[in-house]
Amino acid sequence: MQPVRGTHDLLPEEFLVHSYIKKVAFEVMENFGFSGVDTPIFEFLEVFARPLGDASDIVSKEMYTIHDKGGEVLALRPEGTAGVVRMLISNGLQQEMPAKFCYAIPCFRYERPQKGRQRQFHQIGTELFGVSSFYADAEVIAVGLEILKSLKVDNQVRLHLNTIGDLESRKVYREKLVEYLRGYENDLSPESKIRLEKNPMRILDSKDQGDRKILESAPLLHDSLNPESRAFFDGLRNVLETQNIAYTIDQKLVRGLDYYSHTVFEFISDNLGAQGTVLAGGRYDGLVKLMGGQDIPGVGFGSGIERIAMLLTEKPSPKRPTTIIPVSAEDEEAAWSLVFNLRKQGLPIDMGYSGNLSKRMKKASKNNARYCIVLSKGDLANNQLSLKDMDSGDQFMVSVEELPLRLKA
RNA sequence: GCGGGCGUAGCUCAGCUGGUUAGAGCGCUAGGUUGUGGCUCUGGAGGUCGCCGGUUCGAAACCGGUCGCUCGCCCCA
């Protein structure tokens with residue numbers, strides 16, 4: 001039996017890593033005032049297709065679509081934002097601006113798997129709606145950084161920042177860029193030739209050496225910014241600098257779609273192969289309206305849990321249980337009674353199902369037990385239990401009453 | 001969708017230019033230890049050599065195809 005290509009089972013060790021990342025992230029996001037939400041894993045195709053555009057790669061080749069028995073066309077979500085925007089509109093939440101949401105969700109894209117890329121992957125994300133001020137952008141960047149800091153991976157990552165300006169600035173720039181690139185049309189990579197027609201801004205982050213050479217003397221986007229766009233970016237930079245959030249300006253960092261505006265940022269690591277982006281986001285002022293809502297601005301980020309997991313140096317360790325060991329078969333019933341009692345008190349208690357004392361002790365050691373309780377009816381008759389500290393090897397008698405206290409300590 | 005590398009035990013890998021019962025370490029398991037783990041010693045289980053076809057007296061090895069994994073391109077978390 002093989003799993004579907006690009007999907008992975010989370011075995012106990014990895015499961016623990018994922019839950020640890022989510023737990024830390026939610027703690028941070030909630031401290032920043034974001035409320036956790038969840039949306040369905042699938043939506044009507046339109047929910048994703050409309051904002052991304054039929055021509056986009058995600059819609060044209062990466063979306064998992066479902067034709068259900070009622071004749072509806074559905075799609076597994078390829079990213080988090082569109083579903084949350086739909087949630088906002090469907091539930092009348094546009095009345096309560098501003099609003100801050102966060103989530104940890106599985107996403108699906110039909111792509112060729114490689115390092116840091118799977119067909120089912122998991123994203124942590126935040127969306128902040130209803131705020132036009134750059135303080136919202138700063139807050140979103142700050143919460144992202146704080147998550148990476150709390151997970152102790154911020155030292156492997158650097159913040160790339162850019163602005164793509166408002167729609168007006170971008171229009172002006174796009175014309176200048178296209179005009180410039182036309183002069184080199186025959187030297188561009190095959191991909192970029194296509195992009196020149198479809199989405200010229202995307203050429204800016206081409207990995208092709210020839211393209212990069214051509215881009216060296218291309219017009220700069222920042223020179224086309226109108227005063228409003230410039231002021232917005234300067235404002236954001238000022239907040240980041242005041243808060244000592246280090247960043248490097250990367251004028252090649254872009255987003256292709258028209259509903260994006262102003263801020264674009266990515267936390268990038270060199271330790272992840274070709275997919276270095278760990279946490280990325282930006283401002284999407286046109287999106288809610290595009291999806292049929294009011295003209296509500298938004299800014300947010302998405303972050304890949306699998307990518308963060310690859311950077312973690314400190315793996316979380318599982319709970320260390322106390323293992324109950326009956327001395328002989330006659331003690332088994334009493335041992336199970338103790339197991340049930342201690343578990344009612346919320347203690348992590350383990351007990352094997354077979355084996356002699358030696359065997360059970362070995363198993364307990366392998367399971368990383370903190371304590372073992374060696375139980376015999378004889379000791380129990382005197383209200384005593386033998387408690388073994390598996391780290392020090394010390395073993396001593398404790399009364400039944402004081403046992404829970406010893407274990408909690 | 002396109003290109004490179006790789007498929008031998010649960011894991012990491014050996015297996016010389018084709019030669020008969022396919023190996024190691026780790027892990028798993030049973031015992032040395034009839035009331036005590038981590039160390040050590042000794043046994044044991046576990047593989048249609050990814051799959052199909054071809055070449056050959058003979059294929060894990062060579063050839064073709066296929067599936068899978070992996071890395072990169074496109075794109076993106």
Side-chain angles (χ1 to χ4, degrees), chain A residues 1-8 11 21 52 55-63 77-81 104-125 144 157 189-192 194-195 198-199 202-203 205-209 211 253-257 266-269 272-281 300-311 323 325-331 352 355-379 386-395:
Chain A
M1 290 293 283
Q2 279 165 342
V4 174
R5 176 178 228 175
T7 65
H8 293 280
L11 299 181
I21 291 171
L52 296 167
S56 72
D57 271 34
I58 290 187
V59 174
S60 63
K61 68 172 194 182
E62 294 176 2
M63 198 116 80
R77 73 174 153 224
E79 53 96 37
T81 305
I105 56 172
C107 296
F108 305 83
R109 283 183 208 171
Y110 187 84
E111 295 183 279
R112 193 77 179 264
Q114 63 188 78
K115 190 177 174 72
R117 172 181 304 155
Q118 308 172 190
R119 287 186 172 182
Q120 176 175 351
F121 60 103
H122 298 83
Q123 257 189 23
I124 289 166
V157 119
S189 66
E191 289 85 17
S192 289
I194 296 167
R195 284 190 281 226
K198 254 174 40 179
N199 200 344
R202 272 261 159 239
I203 297 175
D205 62 1
S206 171
K207 288 178 187 172
D208 183 89
Q209 288 303 317
D211 289 351
L253 193 62
V254 290
R255 290 287 127 99
L257 303 171
E266 293 192 7
F267 287 90
I268 299 176
S269 170
L272 293 178
Q275 275 68 235
T277 303
V278 176
L279 189 153
F301 74 71
S303 177
I305 294 181
E306 285 83 0
R307 291 185 185 176
I308 293 176
M310 287 192 284
L311 295 178
T323 302
I325 300 180
V327 167
S328 65
E330 298 87 70
D331 303 309
N356 60 27
L357 181 51
S358 171
K359 184 120 298 194
R360 287 170 185 261
M361 192 66 81
K362 274 184 188 162
K363 193 80 178 167
S365 187
K366 216 190 64 174
N367 289 345
N368 199 25
R370 178 69 186 84
Y371 297 103
C372 281
I373 293 168
V374 181
L375 179 148
S376 76
K377 287 198 289 193
D379 290 340
S386 185
L387 180 67
K388 178 160 187 168
D389 184 318
M390 297 299 277
D391 288 346
S392 66
D394 297 341
Q395 188 164 353

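What's counted below: heavy atoms across the whole structure, side chains too, no hydrogens, waters or symmetry copies. A, B, ... follow the sequence lines: proteins, then strands. Residue 1 opens every chain.
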Name all residues meeting the side-chain contact (heavy atoms from CB on, under 4.5 Å) criterion together with [X]; count only those two or more places apart in sequence or in a different chain, and write none if there are none.
X        : result
A/Glu111 : A/Glu62, A/Arg109, A/Arg117
A/Arg370 : A/Arg320, A/Asp389, A/Asp391
A/Val374 : A/Val327, A/Leu357, A/Met361, A/Ser386, A/Gln395

Exercise. If you look only at pairs with a residue in residues 357-367 of chain A, which of them pass as a salt bridge (charged side-chain N to carboxylate O under 4.0 Å, His left out), with sequence neighbours excluded?
Worked result: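 Passing the test, one end in residues 357-367 of chain A: A/Glu332-A/Arg360.
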
Options [options], nucleotide nearest the side-chain atoms of [X]:
X        : options             : result
A/Arg5   : B/G72, B/U70, B/A30 : B/U70
A/Arg195 : B/A30, B/C74, B/C2  : B/C74
A/Gln114 : B/U70, B/C74, B/C75 : B/C74
A/Arg202 : B/C76, B/C74, B/C71 : B/C76

Between atom [atom1] in [X] and atom [atom2] in [N], what is the gap in whole Å?
X        : N     : atom1 : atom2 : value
A/Lys115 : B/U70 : NZ    : P     : 11 Å
A/Leu253 : B/C75 : CG    : P     : 14 Å
A/Asp205 : B/C74 : CG    : C1'   : 11 Å
A/Ile308 : B/C76 : CD1   : P     : 20 Å
A/Arg119 : B/A77 : CZ    : C1'   : 16 Å

Exercise. In which ranges does RNA chain B form stems of 3 or more consecutive Watson-Crick or G-U pairs, distances under 3.5 Å?
Worked result: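 Correct response: B:1-7 with B:67-73, B:10-13 with B:23-26, B:28-32 with B:40-44, B:50-54 with B:62-66.
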
Problem set entry | Gap in Å between the two C1' atoms, one belonging to B/G4 and one to B/C11, rounded |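 Per the computed distance, 26 Å lies between those C1' atoms.
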
Problem set entry | Gap in Å between the two P atoms, one belonging to B/A45 and one to B/U29, rounded |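 My reading of the P atoms in B/A45 and B/U29 gives 16 Å.
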
Problem set entry | Whichever of A/Val278 and A/Tyr110 has its nearest RNA chain B nucleotide further upstream toward 5' |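 Per heavy-atom nearest nucleotide, the more 5' residue is A/Tyr110.
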
Exercise. RNA chain B: A/Arg117 or A/His122, which has the more 5' nearest nucleotide?
Worked result: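 Here A/Arg117 is the residue nearer the 5' end.
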
Test of understanding: with side chain to side chain donor-acceptor pair (under 3.5 Å), list the residues that count as partners of [X], not counting sequence neighbours.
X        : result
A/Asp205 : A/Arg202
A/Ser192 : A/Ser189, A/Arg195, A/Asp211
A/Thr7   : none

Problem set entry | Check: B/C74 base within 3.5 Å donor-acceptor of A/Arg112 side chain |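 Such a pair does not exist between side chain and base.
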
Problem set entry | Whether A/Glu79 side chain and A/Cys107 backbone form a donor-acceptor pair below 3.5 Å |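 Between the backbone of A/Cys107 and the side chain of A/Glu79 there is no qualifying donor-acceptor contact (under 3.5 Å).
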
Exercise. What string of B, S and - do you get for nucleotides 32-38 of chain B, 5' to 3', if B is base contact, S is sugar-phosphate-only contact and - is no contact with any protein heavy atom under 4.0 Å?
Worked result: ---BBBB

Problem set entry | Residue pair A/Asn367 / A/Thr323, side-chain heavy-atom distance below 4.5 Å |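 Side-chain contact under 4.5 Å: no.
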
For this session: Establish, with yes or no, whether the OP1 or OP2 oxygen of B/G31 is under 4.0 angstrom from a side-chain nitrogen or oxygen of A/Lys359.
Result: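 Yes.
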
